[in-house]
Amino acid sequence: MTRHHPCRSPLAGDAPAFAEPGSQQTNVWLSRIPNPVKRASPASGLLRVIFVVLLTFAGVAHAQAIEPMPFRDHAQELRFQHLTHQLRCPMCQNETLADSNAPIARDLRNQIFRMMQQGKSDEEIKQYLVARYSDFVLYDPPLKPGTWLLWFGPLLVLCGGTGVVLAAIRRRNRGDSVAEAPTDNGDDW
Amino acid sequence: MNRLLPFIGFMLLVGLFGFGIWWNTRHDPNAIPTPLLNKPAPAFNLPKLYEPAQTVGKADLLGKPYLLNVFASWCIECGVEHPVLTAEGPSLGVTLVGYNYKDAPADAKNWLARHGNPYDLLIADEPGQTAIDFGVYGAPESFLIDAKGVIRYKHIGPLTQGVVAKELKPAIAAMLKEAP
């Protein structure tokens with residue numbers, strides 16, 4: 001079996017360290033939370049909400065700090081974020097290109113950035129990647145004969161299940177009309 | 001009959017999960033099928049590892065089939081593959097081209113000095129830009145490219161004795177039979 005590690009690359013040299021300025025700030029907030037053993041009062045509830053919101057934004061700041069790119073404007077940055085979130089990293093397949101720290105994901109992000117600067121459309125960039133890495137890079141698989149089962153399989157299962165349920169109901173109804181009250185044998189599933 | 005239904009359903013699920021386990025022992029769940037199979041290899045122009053002033057392009061390699069082996073000194077599984085390449089390389093009947101991927105040239109040379117050099121030709125892609133055109137997403141990966149420059153076979157992960165015997169050699173034989 002030629003199984004290999006999902007990430008068969010060196011650790012990213014410039015992977016973000018965990019001791020970011022943001023984490024210190026988080027600690028300050030942790031220490032300000034009133035005695036956690038105390039029952040939740042409205043005030044502590046509010047603090048908790050603030051805490052969660054801060055944590056959320058700490059994550060956002062962190063994600064963007066990985067790799068500052070010289071975007072032309074904010075719209076282009078948003079477009080880049082949107083596009084890289086729709087594409088799958090070929091190396092770590094449960095991560096998007098935007099989230100992955102694998103070296104290949106960084107290379108592909110750079111390539112996407114370059115193509116954007118050249119004025120390529122999102123569709124052209126996707127085509128470029130699909131031509132090299134197949135439909136695997138798309139989180140939204142295209143509708144074609146090879147993916148019919150993927151798209152319509154759930155519908156088939158639903159139809160099958162509906163059929164089974166309808167048949168069971170019909171049989172039960174028929175049973176009720178023939179014999180007024182079939183003796184209960186404790187078999188009620 | 002009604003009493004048997006849950007049991008039958010359970011056995012169907014057992015069968016399904018069993019099939020999943022069996023399938024995954026035979027298939028690499030991380031391997032991506034390459035859309036480049038049976039298509040012309042992408043054009044490239046890369047420096048030689050030992051003589052960086054000289055470059056090698058796709059046109060230079062036309063006329064003779066070759067095995068393009070993507071490797072790197074940081075790649076642990078390349079060390080697993082290396083003895084197989086050393087043992088089987090000379091008997092494959094194709095040129096062995098080493099494609100050094102995202103590696104510092106000094107590291108690559110050290111690695112080859114330590115493990116031995118089974119390659120007939122070594123090219124280096126330190127930025128990893130050309131590798132994107134090949135659909136490379138890690139190392140090791142191997143491409144069998146025929147005399148006309150068409151990709152005939154690709155393997156993702158290390159070439160083991162089993163893969164060489166069951167996949168690579170038959171692919172080479174089929175290729176040579178078609179165009180000797």
Side-chain angles (χ1 to χ4, degrees), chain A residues 1-13 87-95 97 100 102-115 125 127-138 142 144 146 157 160-161 164-165 167-168 171-172 175 182 185-189, chain B residues 1-3 5-6 9 24-37 39 42 70-81 84 101-104 107 125 127-142 154-164 166-167:
Chain A
M1 268 51 75
T2 59
R3 189 83 69 94
H4 43 84
H5 197 270
C7 287
R8 39 195 175 103
S9 302
L11 284 170
L87 295 164
R88 172 150 77 159
C89 169
M91 170 70 74
C92 298
Q93 290 169 12
N94 53 354
E95 282 186 308
L97 274 187
S100 179
I104 183 68
R106 200 170 35 217
D107 287 355
L108 291 179
R109 278 197 300 268
N110 287 333
Q111 182 65 27
I112 290 171
F113 180 74
R114 265 194 300 271
M115 291 179 79
I125 294 172
Q127 297 272 309
Y128 170 90
L129 288 171
V130 166
R132 286 156 181 77
Y133 293 96
S134 80
D135 290 336
F136 259 72
V137 291
L138 302 176
K144 59 181 190 182
V157 173
V164 168
V165 169
R171 197 163 358 134
R172 182 172 291 181
N185 57 359
D187 193 10
D188 51 6
W189 42 266
Chain B
M1 181 59 198
N2 265 354
R3 279 178 182 283
L5 266 179
N24 275 339
T25 56
R26 268 161 189 74
H27 297 83
D28 183 346
N30 294 309
I32 296 178
T34 176
L36 294 171
L37 209 58
K39 298 218 178 104
V70 180
F71 78 103
S73 66
W74 47 258
C75 152
I76 295 162
E77 286 181 314
C78 297
V80 176
E81 175 183 75
V84 178
Y101 175 55
K102 285 180 84 69
D103 211 355
D107 293 346
D125 182 11
Q129 174 99 50
T130 307
I132 294 178
D133 288 335
F134 274 92
V136 168
Y137 61 97
E141 287 187 13
S142 303
K154 179 187 181 184
H155 181 73
I156 291 165
L159 289 167
T160 59
Q161 293 284 3
V163 172
V164 170
K166 285 197 199 105
E167 293 180 19

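Every chain is numbered from 1, with letters handed out A, B, ... down the list of sequences. Heavy-atom basis, side chains included; hydrogens, waters and symmetry copies ignored. It should be emphasised that the depicted structure is a prediction, and the values quoted were computed from it without experimental measurement.
Here the closest heavy-atom approach between residue Ile132(B) and residue Gln111(A) is recorded as CD1-CB, 4.2 Å. Listed here is the closest heavy atom pair of Lys102(B) and Pro103(A): CE-CB, 4.0 Å.
Looking at Pro127(B), only its backbone comes within 4.5 Å of chain A, counting heavy atoms on both sides. With a 4.5 angstrom heavy-atom cutoff, Phe136(A) touches chain B only via side-chain atoms. When heavy atoms are compared at a cutoff of 4.5 Å, Val80(B) does not approach chain A at all. Only the side chain of Arg114(A) comes within less than 4.5 Å of a heavy atom of chain B; its backbone N, CA, C and O stay farther away. In this structure, the portion of Val130(A) lying under 4.5 Å from any heavy atom of chain B is its backbone and not its side chain. In this structure, the portion of Ala131(B) lying under 4.5 Å from any heavy atom of chain A is its backbone and not its side chain.
Among the candidates Ser134(A), Cys89(A), Ala105(A), the residue making the largest number of heavy-atom pairs closer than 4.5 Å to chain B is Ser134(A). The residue among Ile76(B), Val136(B), Thr34(B) with the most heavy atom pairs within less than 4.5 Å of chain A is Val136(B).
We find the CG-CZ distance between Leu36(B) and Arg132(A) to be 8.0 Å, quoted to the nearest 0.5 Å.
When the side chain to side chain contact (heavy atoms under 4.5 Å, CB included) test is applied to Gln127(A), the partners found at least two apart in sequence or on another chain are Glu123(A). Residues satisfying the side chain to side chain donor-acceptor pair (under 3.5 Å) criterion with Asp107(B), sequence neighbours excluded, are absent altogether.
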